[in-house]
Amino acid sequence: MIALLTAHVALVFAALAVFCVVVYVLADGLDLGVGILFLAAPRDADRDVMMASIEPVWDGNETWLVAGGTLLLAAFPAGYYILLPAFYLPIVTMLFALILRGVAFGFRLQATRFRFVWDLAFAGGSILAALCQGLILGGLIDGVPVADGMFAGGPFSFLSLLGLLCGIGLVGGYALIGAGWLILKTQGGTQIFAREIAHAALILVAVMMLVVSGWSALTVPDVAARWFSLPNIVLLAPVPLVTLAVIVALWRGIWTGAEMRTFALALVLFALGLIGLVVSLWPYVVPRAVTVWDGLADPQSLTFISFGLAIVLPVVLAYQAHAYWVFRGKTLTEHGAYDAPAGTRQPGTLS
């Protein structure tokens with residue numbers, strides 16, 4: 001009975017950790033995507049609107065990164081003390097990139113002569129953060145070297161071709177989500193730019209999903225066995241088929257579909273990629289070394305965490321839902337985001 005209860009508790013906390021990661025990737029993905037597209041925008045006025053569209057929500061989105069890391073430390077300490085040294089360099093680099101984005105947010109609006117410097121900082125920080133996340137993802141799929149319950153690799157063990165491929169794929173995926181967000185939140189020239197670049201981002205995402213999936217199957221035997229052995233190949237077949245259907249629907253709907261549906265399909269496509277990742281790595285906290293049951297914290301720690309989660313998660317969800325609701329609607333007006341005359345302000349516009 002105790003073993004059965006422990007197994008269920010492990011599944012609950014694993015689901016919560018995955019939930020935090022998924023929400024972070026989808027929520028912060030839209031503002032990382034806007035940053036990735038920042039320098040590609042044709043006009044400075046477009047960049048003003050792009051930044052204004054995410055200004056009310058970007059800092060709340062990153063809350064989930066903190067929540068996911070804290071939950072991993074508290075609920076699965078074995079995974080934390082192995083994964084942190086394994087990916088120390090990309091994690092620290094990613095955090096500095098996110099800080100750089102935050103600084104650029106504060107300074108760009110006030111800058112005049114050197115605004116381009118903050119444009120570069122905002123875009124560069126966004127791209128660098130996405131690439132670092134890809135390196136971490138590729139390292140997880142490849143597997144982390146572990147000996148005697150400790151990380152057994154070097155500081156650059158995370159570097160791999162698969163990690164670089166995942167990084168490129170994440171850049172494309174975030175760009176697609178960002179383009180979908182701009183299609184939803186803007187109009188006029190900025191929206192046309194978003195629709196045009198969404199096609200290029202979708203092509204990159206589709207190609208990289210195929211390349212990463214194929215390379216993972218060829219180089220990681222456990223991943224190939226998970227997807228292509230019987231009966232898994234039959235049970236998991238809907239995942240790539242649904243992914244293909246979403247890609248086709250998104251391609252056809254970028255210009256003709258409803259704005260909300262286009263953004264939602266971009267999120268669904270990214271979520272399907274995350275489902276594929278979970279299928280490939282389950283049930284490991286540290287791939288091929290520590291399972292969610294082996295790495296679970298002691299009951300006292302889990303009880304303490306449960307009380308904290310019961311308070312924090314509803315508050316954060318309510319705050320974010322309120323922020324998105326208050327700032328709903330278009331950011332762009334006929335006169336731009338910051339200089340719209342009285343009476344033309346749309347819901348969610350920061351002008």
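Note: hydrogens, waters and symmetry copies are ignored here, and every other heavy atom, side chains too, is used.
Legend: residues meeting ring-ring contact (aromatic ring centres under 6.0 Å, His included) with F38, ordered by chain and number and at least two apart, are F122.
Distance check: L37 CG to I177 CD1 gives 11.0 Å after rounding to the nearest 0.5 Å. Here the straight-line distance linking atom CG of L277 with atom CH2 of W282 works out to 12.5 Å at 0.5 Å rounding.
No side-chain heavy atom of V57 sits under 4.5 Å from any side-chain heavy atom of Q320. Using a 4.5 Å cut-off on side-chain heavy atoms (C-beta onward), F193 and P42 make contact. Counting heavy atoms from C-beta outward, M209 and L269 have side chains that approach closer than 4.5 Å. Inter-residue side-chain proximity for R226 and V279 is flagged as met; some heavy-atom pair is nearer than 4.5 Å. Counting heavy atoms from C-beta on, the side chains of I141 and P287 never come closer than 4.5 Å.
No cation-pi contact links R115 to W118, judged by a cut-off of 6.0 Å to the six-membered ring centre and 45° from its axis.
When hydrophobic clusters are built by joining Ile, Leu, Val, Met, Phe, Trp and Tyr residues whose side-chain heavy atoms come closer than 4.5 Å, directly or via intermediates, L100 is not grouped with I127. By the rule that hydrophobic residues join a cluster once side-chain heavy atoms approach within less than 4.5 Å of another member, V286 and V278 end up as members of one cluster. Hydrophobic clustering (ILVMFWY, side-chain heavy atoms < 4.5 Å, transitive): L83 and V220 are in one cluster. Under the 4.5 Å side-chain heavy-atom criterion for Ile, Leu, Val, Met, Phe, Trp and Tyr, V290 and L16 are members of the same hydrophobic cluster.
Heavy atoms from other residues, nucleotides or ligands lying under 6.0 Å from CZ of R252 number 12 at most.
Applying the side-chain hydrogen bond (donor to acceptor under 3.5 Å, both in side chains) rule to pairs touching residues 122-143 yields Y24-Q133, R101-S126, Q133-Y174, D142-S160, sequence neighbours excluded.
Among L170, V246, V205, the one residue that satisfies the side chain to side chain contact (heavy atoms under 4.5 Å, CB included) test with F270 is L170.
When atom types are taken as modelled, the side chain of D298 and the backbone of Q300 share a donor-acceptor pair closer than 3.5 angstrom. In this structure, the side chain of R108 does not engage the main chain of D119 through any donor-acceptor pair within 3.5 Å.
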